[in-house]
Protein chains: 2
Amino acid sequence: MNLVFKALSDPTRRHILQLLRKKPMNAGELAEHFPIAKSTLSAHFAILREADLIQANKSGTVITYMLKVSVLEEALLAFAETVGIGMPKPLPLKRAMGKAK
Amino acid sequence: MNLVFKALSDPTRRHILQLLRKKPMNAGELAEHFPIAKSTLSAHFAILREADLIQANKSGTVITYMLKVSVLEEALLAFAETVGIGMPKPLPLKRAMGKAK
DNA sequence: TTCATAATTCGTTATTTAGCGAAATATAGG
DNA sequence: CCTATATTTCGCTAAATAACGAATTATGAA
């Protein structure tokens with residue numbers, strides 16, 4: 001959870017997550033949305049990956065990233081509970097779908 | 001919102017919020033829960049105050065801190081929405097209670 | 001006023017962080 | 001094989017961060 005909150009502490013990274021929310025994107029496409037060097041963005045991707053908030057998928061020379069919503073959700077909910085915020089877990093739409101523990 | 005997430009990025013500060021969740025406490029009481037210098041804790045309080053996550057109340061030489069749950073809640077919900085997490089706003093228990101905008 | 005207590009502020013230090021450009025890596029296509 | 005493209009890794013720097021102990025401030029009590 002610490003890694004998640006560390007990852008969320010940077011505005012650029014939160015913005016990346018927001019963009020990925022709409023649809024998976026590759027590093028280049030994401031870069032178009034930011035005025036910073038690609039190498040810098042790459043470092044942000046690494047941090048998001050270490051926090052398990054995004055998933056990388058390489059195809060040819062292109063790496064496509066997609067948001068792992070559930071990980072984000074779990075972290076926020078877990079913390080919310082410890083501070084007594086009533087955020088009811090969204091009901092799972094499907095049961096027994098083999099959600100890894 | 002940035003200040004809130006910055007504040008939440010440190011484990012000690014998240015722990016402080018969790019402690020304050022149970023009941024308001026003064027700086028000294030809080031300090032007993034941590035193995036770090038009081039001056040360091042004081043800095044953490046300042047950061048939490050700037051993020052508007054806690055409220056300080058001075059009485060005599062003692063400063064009592066209390067958690068501002070609503071601020072935390074709003075920030076988490078606001079962000080959750082931008083990343084498409086369905087965290088329904090908890091229904092307000094009382095309406096028209098003069099909630100400051 | 002003087003003393004003790006609670007907490008903050010100050011000055012310093014070590015570590016982490018975000019940023020850059022250049023170099024390296026990997027892959028597809030000619 | 002050679003070149004172009006996508007992305008990462010490397011080496012660096014400036015700024016932010018968390019930590020400490022010492023000094024300072026504020027208050028209540030003797």
Side-chain angles (χ1 to χ4, degrees), chain A residues 1-20 22-68 72 75 79, chain B residues 1-20 22-68 72 75 79:
Chain A
M1 185 171 87
N2 193 29
L3 286 181
V4 171
F5 276 97
K6 275 273 198 283
L8 294 182
S9 72
D10 182 89
T12 298
R13 287 193 291 266
R14 288 199 304 276
H15 195 181
I16 292 173
L17 296 182
Q18 287 165 17
L19 290 172
L20 290 182
K22 302 177 193 167
K23 65 177 195 305
M25 284 196 224
N26 58 54
E29 289 171 331
L30 283 166
E32 290 169 18
H33 291 81
F34 298 92
I36 68 186
K38 289 192 169 191
S39 56
T40 303
L41 264 193
S42 211
H44 284 308
F45 298 150
I47 290 168
L48 290 171
R49 252 188 288 114
E50 283 187 25
D52 200 28
L53 287 171
I54 62 178
Q55 217 219 310
N57 220 303
K58 186 167 189 172
S59 167
T61 65
V62 175
I63 299 182
T64 299
Y65 288 106
M66 76 179 274
L67 176 60
K68 295 179 78 168
L72 183 52
F79 173 68
Chain B
M1 185 171 86
N2 194 31
L3 285 181
V4 171
F5 276 97
K6 274 274 198 284
L8 294 182
S9 72
D10 183 89
T12 298
R13 287 193 290 267
R14 288 198 303 275
H15 196 181
I16 292 172
L17 297 181
Q18 288 165 15
L19 291 171
L20 290 182
K22 303 177 194 167
K23 65 175 195 306
M25 286 196 223
N26 59 54
E29 289 171 330
L30 282 166
E32 290 168 18
H33 291 81
F34 298 92
I36 67 185
K38 288 193 170 193
S39 55
T40 303
L41 265 192
S42 213
H44 284 306
F45 299 150
I47 289 168
L48 290 171
R49 253 188 286 113
E50 282 185 26
D52 201 29
L53 287 171
I54 62 178
Q55 217 220 310
N57 219 305
K58 185 168 191 172
S59 167
T61 65
V62 175
I63 299 182
T64 298
Y65 289 105
M66 76 180 273
L67 177 60
K68 296 179 79 168
L72 183 52
F79 173 68

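Note that the coordinates shown come from a computational prediction; the quantities given were computed from them, not determined experimentally. Residue numbers begin at 1 in each chain, while the letters A, B, ... track the order of the sequences.
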Inset, instruction - Go through D:dA6, D:dA18, C:dT8 for me and flag the one nearest to the B:Ala27 side chain. - result: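 My answer, after comparing the listed nucleotides, is C:dT8.
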Legend entry - Shortest side-chain distance from B:Ile36, nucleotide among D:dT7, C:dC20, D:dC20: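 Among D:dT7, C:dC20, D:dC20, the one nearest the side chain of B:Ile36 is D:dC20.
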Roughly how many Å is it from [atom1] in [X] to [atom2] in [N], rounded to a whole number?
{"X": "B:Lys38", "N": "C:dT5", "atom1": "NZ", "atom2": "P", "value": "11 Å"}
{"X": "B:Phe5", "N": "C:dT17", "atom1": "CZ", "atom2": "P", "value": "18 Å"}
{"X": "B:Met25", "N": "C:dA6", "atom1": "CE", "atom2": "C1'", "value": "17 Å"}
{"X": "A:Glu32", "N": "D:dT7", "atom1": "CD", "atom2": "C1'", "value": "14 Å"}
{"X": "B:Asn57", "N": "C:dA6", "atom1": "CG", "atom2": "P", "value": "18 Å"}
{"X": "A:Phe45", "N": "D:dA6", "atom1": "CZ", "atom2": "P", "value": "14 Å"}
{"X": "B:Glu50", "N": "D:dA16", "atom1": "CD", "atom2": "P", "value": "13 Å"}
{"X": "B:Ile16", "N": "C:dA7", "atom1": "CD1", "atom2": "P", "value": "13 Å"}

Indicate whether OP1 or OP2 belonging to [N] is found under 4.0 Å from a side-chain N or O atom of [X].
{"X": "A:Asn26", "N": "D:dA6", "result": "no"}
{"X": "B:Thr40", "N": "D:dC20", "result": "yes"}
{"X": "A:Tyr65", "N": "D:dT8", "result": "yes"}
{"X": "A:His44", "N": "C:dT17", "result": "no"}

Is a side-chain N or O of [X] found less than 3.5 angstrom from the main chain of [Y], in a donor-acceptor match?
{"X": "B:Glu50", "Y": "B:Ile47", "answer": "no"}
{"X": "A:Arg14", "Y": "A:Leu8", "answer": "yes"}
{"X": "A:Ser9", "Y": "A:Lys6", "answer": "yes"}

Inset, instruction - Assert yes or no for the condition that the ring centre distance of B:Phe34 to B:His15 is strictly below 6.0 Å. - result: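 Centroid distance B:Phe34-B:His15: below 6.0 Å, so yes.
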Inset, instruction - Going 5' to 3' through nucleotides 22-30 of chain C, assign each nucleotide B (protein heavy atom under 4.0 Å from a base atom), S (under 4.0 Å only from sugar-phosphate atoms) or - (no protein heavy atom that close). - result: B---SBS--
Inset, instruction - For residues B:Lys38 and B:Gly28, report the shortest heavy-atom separation together with the two atoms involved. - result: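 Looking at all heavy atoms of both residues, the shortest contact is NZ-CA, 4.3 Å.
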Inset, instruction - Looking only at non-hydrogen atoms, find the nearest pair between B:Phe45 and B:Ile54 and report the distance. - result: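 Residues B:Phe45 and B:Ile54, closest heavy atoms: O-CD1, 3.7 Å.
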Inset, instruction - Pick base, sugar-phosphate or nothing for B:Ile47, based on heavy-atom distances below 4.0 Å to the nucleic acid. - result: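 Answer is sugar-phosphate: B:Ile47 comes under 4.0 Å of backbone atoms only.
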Inset, instruction - Mark yes when over 12 heavy atoms from residues, nucleotides or ligands other than A:Met66 sit less than 6.0 Å from its CE; otherwise mark no. - result: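 Open: at most 12 neighbouring heavy atoms sit under 6.0 Å from CE of A:Met66.
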